[in-house]
Amino acid sequence: MATKRIIETPRSLSLIIAIIVSLLTGLGFLFITSIAQSQQPLKLFAFILFVFTVTYLCSLILVNLFVSKRIKPLYKALYSVDKASADLVDELDQNNLLQRLEYDLRVWAESKTDEIDRLKQMERYRKEFLGNVSHELKTPIFNIQGYVLTLLDGGLEDPTINRRYLERTEKSVNRLIGIVEDLELITKLEAGELQLNMERFNIINLIDETFEALEQRAKQKNISLKFDKEYAKAIWVYADKKRISQVLYNLIINSIFYGKENGTTTVSVTDIGTRVQVEVNDNGIGIDQKDLPRIFERFYRVDKSRSRDQGGTGLGLAIVKHIIEGHKQVIGLRSSLNQGTTFSFTLDKPGK
């Protein structure tokens, strides 16, 4: 009942003011007519001014009751602050209150629509991410369970299978550890918690070390790891050596995973002024254009079955992207299906 009285009171008051305005206007016209007939211009002007002032003030009160008090809660809802009163006075003075309100409501509606779209997209990514995580963890866990059960069911006493199954169990455990470590790393990278230890080092030597570390993996597919040319002089960069080593490792092993038998992975280093550009190029299976926008997403795989057989965690390229962006640099990608892939990234030179 209290709410109803609060709502009805302004309406009654507005009706009374409207009646008063109408009566004043009518009486004003009658007096103006009579004064005009008496031919007293000064008195006529003064009375017209008086009627106009009274009518204007009453109309302003009426507008405030009908419009301002209704719009004020809308502004509070839009901005969640109590600034509506001052704004409404300014808008009334400018005679564009309704236009401003319409504009603000449209902007508010568009922002809420964008926010809802982003939330839906994040929810979709979250569900996809949880599904991928569970699948990635489930595979090595089930493998470990199968090997252990086989050993417990008598395989442990059989020398022909016990060592082989233990080695397979160790491989699955290592893969599980790799997934967990990569998840921990990418979480720190996304949260900005990972500190970079910047230092000056020779990028050519670091690439050579990565080639040596992956030489055996490349030989399994007869893939050649090489530079595009001979680099006689050192090329110095200023970055986190450990993290850039991880970037190079992930990019080169990715080229091995998706490279063709008897293929080639070529690394080039180019001086581009205040920065150095590193490119890792392969002549492998390439990436379809529809997959390019998502290639740096966590657990996104172009060829899911093939990459899982190779033992990858599906987080390598996502980690690469975050590390390079953590250095405030950019990473690029060029690829065509069955034509190979080129990843490129930049690093600062020392003394910038």
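Atom set for the values below is all heavy atoms of this structure, side chains included, hydrogens, waters and symmetry mates excluded. Residues take their numbers from the sequence shown, with the count starting at 1.
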Could you check whether any side-chain heavy atom of [X] comes within less than 4.5 Å of a side-chain heavy atom of [Y], counting everything from C-beta outward?
X    : Y    : value
F227 : D208 : yes
Q246 : L185 : yes
R217 : F257 : yes
T270 : E279 : no
V237 : F201 : yes
V247 : V278 : no
V320 : F343 : no
H327 : D348 : no

Give the minimum heavy-atom separation between [X] and [Y], together with the two atoms involved.
X    : Y    : value
S255 : T265 : OG-OG1, 2.8 Å
G284 : K260 : O-CE, 3.5 Å
I207 : V267 : CD1-CG1, 3.7 Å
P140 : S172 : CB-O, 3.5 Å

Main-chain N/O of [Y] paired to [X] side chain as donor or acceptor, under 3.5 Å:
X    : Y    : result
K221 : I256 : yes
D240 : N197 : yes
Q289 : S335 : yes
N174 : E170 : yes

Euclidean distance, [Y] [atom2] relative to [X] [atom1], rounded to 0.5 Å:
X    : Y    : atom1 : atom2 : answer
N143 : T169 : CG    : OG1   : 9.0 Å
L225 : I253 : CG    : CD1   : 10.5 Å
L206 : F211 : CG    : CZ    : 10.5 Å
T150 : R164 : OG1   : CZ    : 10.5 Å
Y231 : N202 : OH    : CG    : 11.5 Å
T264 : D228 : OG1   : CG    : 12.5 Å

### Task
May I ask you to decide whether K171 forms a salt bridge with E167, counting only side-chain N to carboxylate O separations under 4.0 Å?
no
### Message
Salt bridge check, K349 against D271: does any charged N sit closer than 4.0 Å to a carboxylate O?
### Response
yes
### Query
Can you find a side-chain donor-acceptor pair between T346 and Q329 that sits under 3.5 Å?
yes
### Message
T210 vs L251, test: side chain to side chain contact (heavy atoms under 4.5 Å, CB included). Steps then yes/no.
### Response
CA-CA 10 Å; T210 308; L251 291 179; over 6 Å; no
#### Entry: Partner of L337 by side chain to side chain contact (heavy atoms under 4.5 Å, CB included), out of I287, D288, I285
D288
